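Comments concern the structure below.
If you're wondering where the values come from, they're calculated on a predicted model, not measured in any experiment.
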Number of protein chains: 2
Amino acid sequence: MQPIASARVVDVVRDQLRSAILAGDLAPGSRLSVPELARQLGVSRSPVREAVLLLVGEGLAVEQSRRGVEVARLELGDVLELYELRISLESLAARHAAERMTNTDLVALRGVLDAQGAAAVGDARSFRELDLRFHEIVSQTCGNTRLARHAALLAREMRLAAPLMVNEPWHLRQSHEEHRTIERALRQRDGPAAENAMREHLGRVCQSVRNRHSTTP
Amino acid sequence: MQPIASARVVDVVRDQLRSAILAGDLAPGSRLSVPELARQLGVSRSPVREAVLLLVGEGLAVEQSRRGVEVARLELGDVLELYELRISLESLAARHAAERMTNTDLVALRGVLDAQGAAAVGDARSFRELDLRFHEIVSQTCGNTRLARHAALLAREMRLAAPLMVNEPWHLRQSHEEHRTIERALRQRDGPAAENAMREHLGRVCQSVRNRHSTTP
DNA sequence: TTCCTGCTTTCTACATGTAACACTCTCCCT
DNA sequence: AGGGAGAGTGTTACATGTAGAAAGCAGGAA
């Protein structure tokens with residue numbers, strides 16, 4: 001059996017807070033009061049304080065000096081910054097993943113895409129979930145552990161901006177097709193093709209977010 | 001006067017520990033015992049514990065589950081990972097910096113390069129210091145705050161690998177010339193040229209590190 | 001010698017105590 | 001009515017207490 005070192009309270013609290021933030025239960029701008037959270041979670045303040053600091057390190061929360069920590073509020077500019085970074089990092093990851101992915105990884109990736117193809121019709125929530133899984137698999141199999149870690153951080157931080165995303169069905173379907181193109185390149189072990197496909201995919205999504213908000217400010 | 005919010009003990013401790021690590025006073029692999037450090041620094045364990053966790057978040061230390069935290073030990077593979085990321089991020093930063101740098105920034109950059117040109121002869125330590133400043137200025141003026149933050153983290157983490165670096169005078173001189181090329185592109189506001197120059201510069205440095213250690217393992 | 005066992009020491013992880021500070025609300029003075 | 005003092009509340013930041021676990025060491029058996 002694997003090491004179950006996650007019996008640590010701080011890890012549990014961090015995961016719970018992260019889930020609550022990403023699910024929207026803790027809205028952007030909410031103050032994260034350590035004593036209050038400790039009471040609600042039934043633990044002492046120490047692990048809560050640590051967990052909150054870790055979330056700050058992940059970019060999910062921001063601390064203003066002496067006034068405590070609050071859930072990060074992402075503007076359009078932040079999302080564009082994040083996309084720019086994701087384009088750079090994930091296209092690099094895709095290139096390496098094409099050379100280093102195992103067949104098991106490819107099967108998993110195909111599974112995610114098939115599920116996404118089935119869900120793509122109107123269920124934006126499931127679609128986004130599978131989108132995350134797709135990008136996560138590519139990033140985590142690139143062989144560069146630091147690249148994987150930074151990419152995961154960026155992807156998570158971006159989830160805070162869910163309300164700014166474009167959820168039109170045709171747009172989701174287009175994303176799905178682009179995912180298929182990326183997967184094809186990965187399966188053929190064509191690094192440059194995977195890199196380009198990933199860059200174009202994220203670039204197009206970024207552009208659509210930008211258009212969406214420049215026309216309806 | 002500006003807000004002197006940095007009277008916080010945790011910030012002071014973090015800076016001291018970081019300096020000690022980067023200066024080599026705390027060698028890679030050293031255990032960071034919270035009670036011991038608290039005694040030495042004359043503060044309680046709480047801020048020390050927080051500071052240590054922050055350093056883990058920065059990649060300067062690693063925690064093995066339940067066995068505490070120790071200063072990160074960078075192998076050749078880690079350095080290559082870091083260079084790959086830096087190439088990706090800093091070349092992107094250079095492109096944007098070309099468009100967004102102020103004239104004041106350019107003057108500062110030129111100043112760093114002139115100092116580097118004067119120091120390049122045999123003083124590898126000063127040279128490296130100015131190398132850091134050069135890359136820092138470019139990254140910090142790119143206009144993308146997250147990109148700047150991630151680039152700064154990578155540059156700092158890489159300082160842990162000082163013993164693996166190549167310090168031959170001809171190599172330093174070559175780096176300096178490449179810096180000049182980058183600066184020229186930035187001054188001419190030529191984004192793509194700055195991007196390419198940065199990518200080639202870091203790529204060459206990375207390659208020289210790789211060669212150095214594949215021939216003398 | 002090598003291996004096992006039990007003790008000792010130290011640390012981590014969590015809990016709790018507390019001074020100083022920030023915000024809010026009330027009430028009084030002008 | 002409007003503005004400001006001041007109490008009251010809640011928080012942060014740091015200090016300290018402590019159970020349990022891990023590492024190191026000693027000593028004895030094979």
Side-chain angles (χ1 to χ4, degrees), chain A residues 1-21 25-73, chain B residues 1-21 25-73:
Chain A
M1 48 178 72
Q2 68 249 28
I4 326 176
S6 281
R8 297 200 314 177
V9 176
V10 58
D11 293 325
V12 176
V13 172
R14 172 175 46 75
D15 292 347
Q16 289 202 352
L17 289 180
R18 192 158 54 203
S19 299
I21 289 173
D25 296 337
L26 288 169
S30 312
R31 284 200 59 189
L32 295 176
S33 159
V34 169
E36 176 64 22
L37 292 171
R39 272 189 295 273
Q40 290 179 9
L41 297 173
V43 297
S44 81
R45 306 186 314 258
S46 306
V48 174
R49 181 177 170 89
E50 273 187 30
V52 167
L53 286 182
L54 290 175
L55 293 179
V56 171
E58 293 183 15
L60 297 184
V62 292
E63 67 177 327
Q64 27 297 66
S65 67
R66 301 277 177 186
R67 270 197 300 173
V69 175
E70 63 177 46
V71 179
R73 233 189 294 253
Chain B
M1 48 176 73
Q2 69 250 27
I4 325 176
S6 280
R8 296 200 315 177
V9 176
V10 59
D11 293 326
V12 176
V13 171
R14 172 174 46 77
D15 291 347
Q16 289 203 352
L17 289 180
R18 192 157 54 203
S19 300
I21 290 174
D25 297 337
L26 289 169
S30 313
R31 282 199 61 189
L32 295 176
S33 159
V34 170
E36 177 63 22
L37 291 171
R39 274 189 294 272
Q40 288 180 10
L41 297 173
V43 298
S44 82
R45 305 187 315 258
S46 307
V48 174
R49 181 177 170 91
E50 273 186 30
V52 167
L53 286 182
L54 290 175
L55 293 180
V56 171
E58 291 182 16
L60 297 184
V62 292
E63 69 178 325
Q64 36 278 79
S65 68
R66 301 275 180 189
R67 270 195 304 173
V69 175
E70 65 177 44
V71 178
R73 230 190 298 252

With side chains defined as the heavy atoms from C-beta onward, is the minimum distance between B/E50 and A/E50 less than 4.5 Å?
no
Is any NZ, NE, NH1 or NH2 atom of the basic residue among A/R67 and A/E70 found under 4.0 Å from an Asp or Glu carboxylate oxygen of the other?
no
Rounded to the nearest angstrom, tell me the gap between atom CD in B/Q64 and atom P in C/dC11.
15 Å
Does the side chain of A/V52 reach to within under 4.5 Å of the side chain of A/L17, using non-hydrogen atoms?
yes
Once you round it to whole Å, what is the distance between P of C/dC23 and CD of A/E70?
13 Å
Does anyone know the first and last nucleotide of DNA chain D in reach of chain A, 5' to 3', at under 4.0 angstrom to a heavy atom?
D/dT11 to D/dA13
Nucleotide C/dC23, atom C1' - distance to CZ of A/R67 in whole Å
10 Å
Side-chain touch B/L60/B/V71, heavy atoms, less than 4.5 angstrom
no
Of all of residues 43-56 of chain A, which get a heavy atom below 4.0 angstrom from DNA chain D, listed by number?
A/R45, A/R49
Looking at every heavy atom in both B/P47 and B/V10, which two are closest together, and how far apart are they?
O-CG2, 3.7 Å
When all nucleic acid strands are considered with a 4.0 Å heavy-atom cut-off, which category describes B/L37: base, sugar-phosphate, or nothing?
nothing
Please report the shortest heavy-atom distance between A/V56 and A/V69, naming the atom on each side.
CG2-CG1, 3.8 Å
I need the full list of salt bridge (charged side-chain N to carboxylate O under 4.0 Å, His left out) pairs touching residues 32-44 of chain A, with sequence neighbours left out, sorted by first then second residue.
A/E36-A/R39
Side chain to side chain, B/Q16 and B/V12, heavy atoms closer than 4.5 Å
yes
